[in-house]
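All heavy atoms count here, side chains included; hydrogens, waters and symmetry mates do not. We name chains A, B, ... by the order of the sequence lines, and we start the count at 1 in each one.
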2 protein chains.
Amino acid sequence: MAERSENGRKNDPEQTKEDILLVATQEFSTHGLAGARVDSIAEKTRTSKRMIYYYFGSKEGLYLAVLEQSYRKIRSLESDLHLSNLEPEEALRTLISTTFDHDEANPDFVRLVSIENIHHAAHMLRSEAIRDLNVSVIETIAGILERGFDHGIFRRKADPIDIHMMISAFCFFRVSNRYTFGTIFRRNLSDGDTIERHRGMIADAVVSYLKS
Amino acid sequence: MAERSENGRKNDPEQTKEDILLVATQEFSTHGLAGARVDSIAEKTRTSKRMIYYYFGSKEGLYLAVLEQSYRKIRSLESDLHLSNLEPEEALRTLISTTFDHDEANPDFVRLVSIENIHHAAHMLRSEAIRDLNVSVIETIAGILERGFDHGIFRRKADPIDIHMMISAFCFFRVSNRYTFGTIFRRNLSDGDTIERHRGMIADAVVSYLKS
DNA sequence: GTCTATAAAAGGATAGAC
DNA sequence: GTCTATCCTTTTATAGAC
């Protein structure tokens, strides 16, 4: 009555799906939606192409699953910060560092978002899971801005979504445009010193903007 | 001895190439490199698929030509500003507005750069024309920062490339991530009021950063 | 649930005439 | 320089056995 797999684990659907998703995330983020090859994904998986269609229906279905999983991962990160105990400027700097480090650590996610924008966010629109994304970041920022203004620390009443955009833009661009920017200006944006300097820079910029 | 075309123009190679490039720019920026279809491009052109291969050799050759032409267009814009006559803060604000308006007015270019980043800037690296891009923006910014610091207007000695990145990031992201950002936060970034507010915002942020 | 083999279609590229 | 027709590889997707 021996099981089939060598690792002593019997056929595990969840495990198989996870495996496919992991490989697919890599493939889509490297080649884009149209550029990704189902065959390549299947080869790098410990299962076969047939299973991809069995579980995900189509190439697009797989892409959507990859996208949803990627967004689900960040959603969880954002909520566990507990910034309301910190004084406003410190809370904001912590939030910014978190966003910065997240993008730096997750180039695959950044690339998937870029790809989704190429496609006018069409898949994201179709996915309730993603569309109903926790926009708790905005509430967090709104709270910080309000407290900061009341305490006289920030002189400017800014829109929280605008501030979130300013932070995202900087953190995202560094990763998304790494290659073209690096090529033109001959600068390696993933270099350790550069990372440190940029992390401080975006925080200082946002804070000084709010204080001015 | 009648000419062939109805418009009284005889076969014009340059015109034909231009026509193909225009359509191809649209197609590549909308669907990405792999997603673009040579057949679709040919259909929308007043010439045939054969001519695309005749002039550009391959789909990749056409893509590279599109990319080069797009970069050539901005290069010319950046140089005709004559900012050295303006006082530093005004010069910087003018430069920022120009970048902002350029990205807003050229979503195709922004998308092509995003696509090129998906491909690790591989084509850009192969193209001398693009690699030797005029980096005069950096010299311009360096000059402004120096003058501003000497005049006591800016208190911070910042790296010109970093400042250029900060400006680019904001202006670029607004356009490149328009769809995903708009979907999640239910905000139209190409709305007139938003554009005005954002144009002022990035300028204020950079200036206050340098003054802090 | 999983595999091998294969169908079906799409899309990049070219032949050859004018 | 330009056109029509076509080749042929690549790639998505499925059939059918176990």
Side-chain angles (χ1 to χ4, degrees), chain A residues 1-24 26-28 30-67 115 118-119 122-123, chain B residues 1-28 30-67 115 119 122-123:
Chain A
M1 282 288 222
E3 306 293 30
R4 282 187 44 217
S5 322
E6 327 74 1
N7 57 16
R9 203 171 50 231
K10 75 175 194 180
N11 294 340
D12 184 342
E14 287 310 311
Q15 185 61 38
T16 302
K17 280 199 210 173
E18 274 304 312
D19 185 26
I20 293 172
L21 279 175
L22 189 73
V23 174
Q26 177 64 31
E27 174 82 5
F28 281 120
T30 311
H31 300 99
L33 173 51
R37 295 291 163 247
V38 180
D39 281 312
S40 297
I41 296 172
E43 274 174 27
K44 290 170 200 139
T45 308
R46 57 170 178 64
T47 183
S48 68
K49 185 161 70 157
R50 189 67 191 80
M51 294 316 292
I52 292 174
Y53 285 94
Y54 180 77
Y55 283 125
F56 301 98
S58 67
K59 182 184 177 179
E60 278 222 328
L62 177 57
Y63 171 76
L64 189 58
V66 163
L67 201 64
I115 289 164
I118 300 289
H119 299 286
H123 313 86
Chain B
M1 282 288 223
E3 306 294 27
R4 282 188 45 218
S5 322
E6 327 76 359
N7 57 14
R9 201 172 52 232
K10 74 175 194 180
N11 292 341
D12 183 344
E14 286 311 311
Q15 184 63 36
T16 303
K17 279 200 212 172
E18 274 304 310
D19 185 25
I20 293 173
L21 279 174
L22 188 74
V23 174
T25 301
Q26 177 65 31
E27 173 81 6
F28 281 120
T30 311
H31 298 101
L33 172 51
R37 297 290 161 247
V38 179
D39 282 312
S40 297
I41 296 172
E43 275 173 26
K44 291 169 198 137
T45 308
R46 57 172 177 63
T47 183
S48 69
K49 186 159 70 155
R50 189 66 191 83
M51 294 317 290
I52 292 174
Y53 285 93
Y54 180 76
Y55 282 124
F56 302 99
S58 67
K59 183 184 178 180
E60 278 222 328
L62 177 57
Y63 170 76
L64 188 58
V66 163
L67 200 64
I115 289 163
H119 299 285
H123 313 85

Enquirer: Taking side-chain hydrogen bond (donor to acceptor under 3.5 Å, both in side chains) as the definition, give me every residue that meets it alongside B/Gln26, ordered by chain and number, with sequence neighbours left out.
Expert: B/Thr30
Enquirer: For C/dT2, does either OP1 or OP2 sit under 4.0 Å from a side-chain N or O belonging to A/Tyr55?
Expert: yes
Enquirer: Would you say A/Thr16 places a side-chain N or O within less than 4.0 Å of OP1 or OP2 belonging to C/dG1?
Expert: no
Enquirer: Please report, rounded to the nearest Å, how far the C1' atom of D/dT2 is from the OH atom of B/Tyr54.
Expert: 9 Å
Enquirer: Does a side-chain N or O from A/Ser48 land closer than 4.0 Å to OP1 or OP2 of C/dT2, or not?
Expert: no
Enquirer: Table please: side-chain donor-acceptor pairs of residues 49-58 of chain B below 3.5 Å, with sequence neighbours left out.
Expert:
from	atom 1	to	atom 2	distance (Å)
B/Lys49	NZ	B/Asp39	OD1	3.1
B/Ser58	OG	B/Glu60	N	3.4
B/Ser58	OG	B/Gly61	N	3.0

Enquirer: Using C1' atoms of five pairs at each end, report the bend of the helix from C/dG1-D/dC18 to C/dC18-D/dG1 rounded to 10 degrees.
Expert: 10°
Enquirer: At under 4.0 Å between heavy atoms, what does A/Phe56 touch on the DNA or RNA strands: base, sugar-phosphate, or nothing?
Expert: nothing
Enquirer: Looking only at non-hydrogen atoms, find the nearest pair between B/Ala42 and B/Ser48 and report the distance.
Expert: CB-C, 4.1 Å
Enquirer: List the residues meeting ring pair (Phe, Tyr, Trp, His ring centres under 6.0 Å) with A/Phe28, not counting sequence neighbours, and say none if there are none.
Expert: A/Tyr63
Enquirer: Within this structure, what is the OG1-CG distance for the pair A/Thr16 and A/Leu21, rounded to the nearest 0.5 Å?
Expert: 11.0 Å
Enquirer: Looking at residues at least two apart in the chain, or sitting in another chain, which of them share a side chain to side chain contact (heavy atoms under 4.5 Å, CB included) with B/Ala34?
Expert: A/Ala34
Enquirer: For a quick check, with a 4.0 angstrom heavy-atom cut-off, what is the B/S/- contact string for nucleotides 5-18 of chain D, read 5' to 3'?
Expert: ------SBBBBB--
Enquirer: Which distance, rounded to the nearest 0.5 Å, do you find between the CG of B/Leu22 and the CD1 of B/Ile41?
Expert: 11.5 Å
Enquirer: Would you compute the distance between atom CD1 of A/Ile118 and atom CD1 of B/Ile115 and round it to the nearest 0.5 angstrom?
Expert: 4.0 Å
Enquirer: Looking at every non-hydrogen atom in both residues, tell me the closest pair between B/Glu27 and B/Lys44 and how far apart they are.
Expert: OE1-NZ, 3.2 Å
Enquirer: Ignoring backbone atoms, test whether A/Thr47 places a side-chain nitrogen or oxygen under 4.0 Å from the OP1 or OP2 oxygen of C/dC3.
Expert: yes
Enquirer: Within this structure, what is the CG-to-P distance between B/Asp19 and D/dT2, rounded to whole angstrom?
Expert: 11 Å
Enquirer: Please give, in whole Å, the distance from C/dA13 P to B/Ile52 CD1?
Expert: 11 Å
